[in-house]
**Student:** 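My questions all concern the structure below.
Please read these numbers as outputs of a predicted model, since none were measured by experiment.
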Amino acid sequence: VQLAESGGGPVQAGASLRLSCVASGGTYVNSAMGWFRQAPGKEREFVATISWNALITFYSDSVKGRFTISRDNDPNTVYLQMNNLKPEDTAIYFCALDSEAGWYGTRTNPNDYDYWGLGTQVTVSS
């Protein structure tokens with residue numbers, strides 16, 4: 001499975017961005033998908049996740065109410081709509097796939113995710 005993110009870039013605080021991630025080269029049934037981010041000098045942190053059936057989503061407290069995760073399963077694409085961006089959102093954003101999540105599963109530990117994209121940089125200036 002290969003994951004490819006796109007949509008990052010430099011923006012001003014308060015702006016919006018929409019990240020996309022396309023999965024290819026494998027089967028994704030019952031796979032949850034998630035977004036994580038890593039800022040310079042910090043560990044990778046959970047941002048948002050969505051179940052295979054798209055009925056369940058979960059967000060970190062730092063992005064709740066500002067970010068929205070969604071997905072299309074044909075083709076297998078996950079999106080992250082980011083509104084009201086803040087300088088502290090600056091990071092590399094990674095898409096990940098959890099192949100063992102099940103129909104309703106959503107997990108926040110990066111160790112539960114099997115496949116990762118290379119990331120897309122988001123830079124928010126004040």
**Student:** How long is the span from the CG atom in N109 to the CG atom in D98, to the nearest 0.5 Å?
**Tutor:** 10.0 Å
**Student:** Hey, mind stepping through V78 and L19 against side chain to side chain contact (heavy atoms under 4.5 Å, CB included) and telling me if it holds?
**Tutor:** CA-CA 8 Å; V78 64; L19 305 183; over 6 Å; no
**Student:** Within the structure provided, determine whether S24 and V1 are in side-chain contact (heavy-atom separation under 4.5 Å).
**Tutor:** no
**Student:** What's the separation between atom CH2 in W35 and atom CD1 in I50, rounded to the nearest 0.5 Å?
**Tutor:** 12.0 Å
**Student:** Out of curiosity, S20 OG to L80 CG, how far, rounded to the nearest 0.5 Å?
**Tutor:** 9.5 Å
**Student:** In Å, rounded to the nearest 0.5 Å, how long is the span from CG of N30 to OG of S51?
**Tutor:** 10.0 Å
**Student:** Report yes if the side chains of N83 and F67 come closer than 4.5 Å at any heavy-atom pair, otherwise no.
**Tutor:** no
**Student:** Decide whether F46 and I69 are clustered together by the hydrophobic rule: side chain heavy atoms of Ile, Leu, Val, Met, Phe, Trp, Tyr closer than 4.5 Å, transitively.
**Tutor:** no
**Student:** Between R37 and F94, is NZ or CZ placed under 6.0 angstrom from the six-membered ring centre and within 45° of the ring axis?
**Tutor:** no
**Student:** Taking side chain as C-beta onward, heavy atoms only, is Q2 less than 4.5 Å from V22?
**Tutor:** no
**Student:** For C21 versus L3, what's the shortest heavy-atom pair and its separation?
**Tutor:** SG-CB, 3.9 Å
**Student:** Quick test of your reading of the model: are K64 and D61 salt-bridged, counting only N-O distances below 4.0 Å?
**Tutor:** yes
**Student:** Apply the test side chain to side chain contact (heavy atoms under 4.5 Å, CB included) to residues L97 and N76: give CA-CA distance (whole Å), side-chain angles for both, the deciding distance (0.1 Å), then the verdict.
**Tutor:** CA-CA 11 Å; L97 186 146; N76 200 52; 4.2 Å; yes
**Student:** Let's go through V122 and T90 carefully: what are the C-alpha distance in whole Å and the side-chain angles of both, what is the deciding distance for side chain to side chain contact (heavy atoms under 4.5 Å, CB included) to 0.1 Å, and is it a yes or a no?
**Tutor:** CA-CA 5 Å; V122 172; T90 295; 5.9 Å; no
**Student:** Before giving the answer on ring-ring contact (aromatic ring centres under 6.0 Å, His included), spell out for F36 and W116 the whole-Å C-alpha distance, their side-chain angles and the decisive distance to 0.1 Å.
**Tutor:** CA-CA 10 Å; F36 294 78; W116 291 82; 5.0 Å; yes
**Student:** Would you name the heavy atoms of S126 and A13 that are closest together and state the gap between them?
**Tutor:** CA-CB, 4.3 Å
**Student:** With a 3.5 Å cut-off and no angle check, do the side chains of D72 and T77 form a donor-acceptor pair?
**Tutor:** no
**Student:** Got Y59 and V47 here, is their nearest side-chain heavy-atom distance under 4.5 Å?
**Tutor:** no
**Student:** Is there a side-chain contact between Q81 and S16, using heavy atoms and a 4.5 Å cut-off?
**Tutor:** yes
**Student:** Decide side chain to side chain contact (heavy atoms under 4.5 Å, CB included) for T49 and M33; before the verdict, give the C-alpha distance in whole Å, the side-chain angles of both, and the deciding distance to 0.1 Å.
**Tutor:** CA-CA 6 Å; T49 183; M33 296 191 76; over 6 Å; no
**Student:** Taking the side chain as every heavy atom from C-beta outward, state whether T120 and I92 have any atom pair closer than 4.5 Å.
**Tutor:** no
**Student:** Y113 ring centre to R107 NZ or CZ under 6.0 Å, with the angle to the axis within 45°?
**Tutor:** no
**Student:** Measuring from atom CD of E45 to atom OG1 of T108, what distance do you get when rounded to the nearest 0.5 angstrom?
**Tutor:** 11.5 Å
**Student:** Under 4.5 Å between any side-chain heavy atoms of R71 and Y79, yes or no?
**Tutor:** no
**Student:** Minimum heavy-atom separation for A39 and A91, please, with both atom names.
**Tutor:** N-CB, 3.8 Å
**Student:** Any chance you could measure E5, atom CD, to L118, atom CG, to the nearest 0.5 Å?
**Tutor:** 6.5 Å
